[in-house]
Amino acid sequence: MNNKIADIFEEVSILLEISGENKFKCIAYSNAAKTIRVLSESVEALLNKGELQNIKGIGKGILQNIFEIVESGELFFHKELKQKFPNSILELLKIQGVGPKKIKTLYDKLNIASIDDLKIACEKNLIANLDGFREKTQQNFLSAISSLSKNIDKHLYCDALNSAEIILSFLKIQNEVEQVEIAGSIRRKKEIIGDIDILVSAKEIHREKIFNLFTQHEFVEKILSKGETKSSVILKSQIQCDMRIVDGFQFPFALNYFTGSKEHNVEMRSRAKKNGLSLNEYEFSLLDKKNKLPNCKTEKDIYKVLNLNYIPSELRENFGEFDFFENNTIELVDETMLKGTFHCHTNFSDGKNSLEDMVEKAKSLGFLYFGIADHSKVAVYANGLDEKRVMEQHKKIDELNFKQSQIKILKGTEVDILRDGSLDFSDEVLSKFDYVVASIHSSFKMSKSEMTNRIVKALKNKYVSILGHPTGRLLLERDGYEVDMNEIINVASDFGKSIEINSHPLRLDLDWRFCRYAKEKNVKIAINPDAHSIFEIENVKYGISVARKGWLEEKDVINCWKLDEVENFFSNQKR
DNA sequence: GCCGTTTTCGGCCCGACTGTTTTCAGTCG
């Protein structure tokens, strides 16, 4: 229900904008949608308890609307708005340079209500004759429509990071560049990245040269815009990259601003105002001339002026960080804290490398323990192990453990959760492993409640230690299966089970948005690479990013624990 | 439509860039 209400409010917000409504009314609906989407309790429950109206951003009008949707399943006001325009009209927003105002004009004057309509109108040269539109705008529309079909507006975090790091190293060696940092959603470690933001500080006389070096570099495919402080390009990797250059003293302000998120910035500026200051991307300025202008050399100083402790970039989503950092700080988990991992495949099933090679790689990464979890027998496509081959693998692991003591190899399995929630090995076989990762690899299309029950049943098996990739999503490729993640976390909490953050760049599943709830419920997290080769073991770094973004600390992540603590955790689960 | 440590009305974050204009509206982040 929460998502349904959020969807409706989001659409209302956009449709009101297209209708030319007061923009703050639109923002109010959009804010309400965002607030409702991230509630950890259902709207119905909050409504029953009479607590819904206490939530910031939900006033009298929105509350009435929520009540109507809960009661009748729809919102009359929303239906009425929708009837004013064809359904397809919202897709026009996907086009770069098209916003609500242009949509209104295009619809009123030329009856354009879809991307196809717009393309045809451009090709017929109809746009260039509209008031406020000319030839250039028409060309831009056509080019934006063609990039849309190339899907260049969304990228995996790892791909965007790789491209960004190439640019970063190029800029770092330029003499004219004083400071350079990756900002934007990469710095916030979002799982999906729209574009790359690079921030540079340099003397004004050098700016033009740096912009030229950047835009004329061989990694650039196309220049989108070039101004005095900002330049945008499309890279050969098909990712848009924006670069800004500011003065040295402006750098912390600009870094903070261009890291975002937008929602975080809005709150920063509103807090500045309450402190008699105005904040922009370059500096603080005084609203009340009687005050003294604060001196800020770092981002930490900026937060301090606003009576906040330093907020790590990953947490800047206006997701509760402002309340928390007024009086608290947090030391987020980081890569140096990892002592091992639990979900790696070998060539016993569908991994590319041998047990020995995988263990050697784990040693080289400084791990103290290393869990093997090959597929179970039903995963025929992945050469899953039957009971006999499990025993062979266990024998091999015992031998390797006997031969060396630098790293402890743990015996695990990634057992399939079958359609009915039972597991692919009997309890007797499961009892022979040090730990068990249980995952779904089949029958994705079940109803939300069936899928939730399926996973809950598996979690209740006393031999299950860790729930693997809890939604099965493949980012930008396949949505996860429908599942009530709050309920899964509740059950994991009741039964002392761990949930995996699968660190494969395509998965990053558990999603960071649920980590904080898991932490609240004392559900421990395992950061697992799901490695199918020695190189993929290093993917744990992406899992660390998710964990940081999900507010997790060393104590919340079992891979950060000592070997005996981990072994105790697993054996206690079986009691 | 929401909100309040200058409260029940009058604000609501702020600036760069583009493309259209000839001073600015729209979009974007």
Side-chain angles (χ1 to χ4, degrees), chain A residues 9 12-13 16-18 20-35 53-66 77 92-106 127-141 143-144 153 183-185 187-188 190 193-197 199 211 223-232 240-246 250 253-254 256-285 287-288 290 306-307 316 318:
Chain A
F9 285 171
V12 166
S13 166
L16 283 174
E17 251 189 297
I18 298 174
E21 246 304 350
N22 175 305
K23 70 171 175 171
F24 297 107
K25 185 171 170 179
C26 307
I27 291 172
Y29 273 101
S30 158
N31 285 342
K34 281 178 196 143
T35 304
Q53 55 265 49
N54 302 335
I55 294 169
K56 197 169 172 238
I58 298 180
K60 231 172 126 186
I62 300 263
L63 185 71
Q64 187 58 45
N65 285 339
I66 294 176
F77 171 49
L92 286 166
L93 284 171
K94 290 187 206 153
I95 296 166
Q96 181 93 17
V98 177
K101 295 277 169 16
K102 290 213 170 91
I103 290 184
K104 185 163 167 44
T105 311
L106 291 169
I127 305 296
N129 298 320
L130 276 179
D131 274 353
F133 297 69
R134 284 289 170 267
E135 177 65 25
K136 189 76 208 254
T137 310
Q138 184 167 271
Q139 279 310 314
N140 287 347
F141 284 172
S143 131
D153 57 339
S185 50
R187 186 156 180 255
R188 298 201 319 278
K190 282 279 290 261
I193 304 295
D195 61 8
I196 297 169
D197 287 293
L199 181 68
F211 275 128
I223 301 171
L224 294 176
S225 72
K226 206 172 158 195
E228 283 173 15
T229 67
K230 176 189 165 179
S231 174
S232 288
Q240 180 173 331
C241 178
D242 299 344
M243 184 172 82
R244 273 108 169 166
I245 307 182
V246 297
Q250 298 169 328
F253 292 94
N256 188 252
Y257 182 75
F258 292 118
T259 297
S261 64
K262 191 179 161 194
E263 290 77 15
H264 183 89
N265 290 350
V266 169
E267 180 63 22
M268 287 291 279
R269 291 182 172 195
S270 129
R271 288 202 171 219
K273 269 200 155 173
K274 285 178 194 152
N275 284 276
L277 295 163
S278 170
L279 174 64
N280 65 18
E281 56 258 62
Y282 304 119
E283 60 193 356
F284 276 125
S285 52
L287 292 174
D288 181 351
K290 280 180 287 184
L306 302 181
N307 302 315
R316 300 179 194 168
N318 201 8

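In what follows, chains carry the letters A, B, and so on, assigned in the order in which the sequence lines appear, proteins first and then strands, with residues in each chain numbered from 1.
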How would you label the contact of [X] with the nucleic acid (heavy atoms, under 4.0 Å): base, sugar-phosphate, or nothing?
X: Asn140(A); value: sugar-phosphate
X: Glu228(A); value: sugar-phosphate
X: Ser278(A); value: sugar-phosphate
X: Leu279(A); value: sugar-phosphate

Atom-pair distance ([atom1] on [X]; [atom2] on [N]), nearest Å:
X: Lys34(A); N: dG1(B); atom1: NZ; atom2: P; value: 18 Å
X: Asn256(A); N: dC13(B); atom1: CG; atom2: P; value: 16 Å
X: Glu21(A); N: dC12(B); atom1: CD; atom2: P; value: 19 Å
X: Glu283(A); N: dC13(B); atom1: CD; atom2: C1'; value: 15 Å
X: Lys226(A); N: dC17(B); atom1: NZ; atom2: P; value: 12 Å
X: Ile62(A); N: dC2(B); atom1: CD1; atom2: P; value: 5 Å
X: Ile223(A); N: dT18(B); atom1: CD1; atom2: P; value: 11 Å
X: Phe24(A); N: dG10(B); atom1: CZ; atom2: C1'; value: 11 Å

Short question: side chain of Ser231(A), backbone of Gly227(A) - any donor-acceptor pair under 3.5 Å?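 No, the answer is negative, given that no donor and acceptor are paired below the 3.5 Å cut-off.
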Is the backbone of Leu277(A) close enough, under 3.5 Å, to the side chain of Ser285(A) for a donor and an acceptor to pair up by distance?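 Side chain of Ser285(A) to backbone of Leu277(A): no pair is present.
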Both distances under 3.5 Å, Watson-Crick or G-U wobble: report the partner of dT8(B), or none.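 Base partner found: none.
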If the [atom1] atom of [N] is compared with that of [M], how far apart are they to the nearest Å?
N: dG15(B); M: dT8(B); atom1: C1'; value: 32 Å
N: dC13(B); M: dC28(B); atom1: C1'; value: 14 Å
N: dC9(B); M: dC14(B); atom1: P; value: 24 Å
N: dG10(B); M: dA16(B); atom1: P; value: 31 Å
N: dG1(B); M: dT5(B); atom1: P; value: 23 Å
N: dT7(B); M: dG11(B); atom1: P; value: 13 Å
N: dT18(B); M: dC12(B); atom1: P; value: 28 Å

Between Arg316(A) and Ser261(A), a side-chain donor and acceptor under 3.5 Å: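 There is no such pair (donor and acceptor under 3.5 Å, judged by atom type) between the side chains of Arg316(A) and Ser261(A).
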Gln240(A) and Asp242(A): side-chain donor and acceptor closer than 3.5 Å? yes
Quick check: on DNA chain B, is the nucleotide nearest Lys136(A) upstream (toward 5') of the one nearest Asn65(A), or the reverse? Name the residue that is more 5'.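 Between the two, 5'-proximity favours Asn65(A).
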Both Phe77(A) and Ile27(A) contact DNA chain B. Which one's nearest nucleotide lies toward the 5' end? Phe77(A)
Distance below 4.0 Å between [X] side-chain N/O and [N] OP1 or OP2:
X: Asn265(A); N: dC13(B); answer: no
X: Thr229(A); N: dC17(B); answer: yes
X: Thr137(A); N: dT18(B); answer: no

For Tyr29(A) and Phe9(A), take the angle between the two ring planes, folded into 0 to 90°, and tell me which bin it lands in: parallel under 30, tilted 30 to 60, perpendicular over 60.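 It falls in the perpendicular class, over 60°.
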[X], [atom1] atom: more than 12 neighbouring heavy atoms under 6.0 Å:
X: Glu263(A); atom1: CD; value: yes
X: Asp131(A); atom1: CG; value: no
X: Lys226(A); atom1: NZ; value: yes

Between the side chains of Lys262(A) and Glu267(A), is the shortest nitrogen-to-carboxylate-oxygen separation below 4.0 Å, so that they form an ion pair?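 No, Glu267(A) and Lys262(A) are not salt-bridged.
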Quick one: are Glu281(A) and Phe258(A) in side-chain contact, heavy atoms under 4.5 Å? yes
Indicate yes or no: at least one non-hydrogen side-chain atom of Asn280(A) is less than 4.5 angstrom from one of Tyr257(A). no
Which label fits dT20(B), syn or anti, where anti is any glycosidic angle not within 90° of 0? anti
Please pick, from dC12(B), dC14(B), dC2(B), the nucleotide with the shortest atom-to-atom distance to any side-chain atom of Asn22(A).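 Selected nucleotide (nearest to the side chain): dC12(B).
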Proximal nucleotide (of dC14(B), dA16(B), dT20(B)) relative to the Tyr282(A) side chain: dA16(B)
Please tabulate the protein-to-nucleotide N/O contacts below 3.5 Å involving nucleotides 21-29 of chain B, giving atom names and distances.
residue: dT21(B); atom: OP1; partner: Arg134(A); partner atom: NH2; Å: 2.8
residue: dT27(B); atom: OP1; partner: Gly99(A); partner atom: N; Å: 2.7
residue: dT27(B); atom: OP1; partner: Gly99(A); partner atom: O; Å: 3.0
residue: dT27(B); atom: OP1; partner: Lys102(A); partner atom: N; Å: 2.8
residue: dT27(B); atom: OP2; partner: Lys101(A); partner atom: N; Å: 3.3
residue: dC28(B); atom: OP1; partner: Gly97(A); partner atom: N; Å: 2.7
residue: dG29(B); atom: N2; partner: Tyr257(A); partner atom: OH; Å: 2.1
residue: dG29(B); atom: N3; partner: Tyr257(A); partner atom: OH; Å: 3.2

Please produce a list of atom pairs where a protein N or O lies less than 3.5 Å from an N or O of nucleotides 3-7 of chain B.
residue: dC3(B); atom: OP1; partner: Gly57(A); partner atom: N; Å: 2.4

Arg244(A): which residues meet the side-chain hydrogen bond (donor to acceptor under 3.5 Å, both in side chains) condition with it, sequence neighbours left out? Asp197(A)
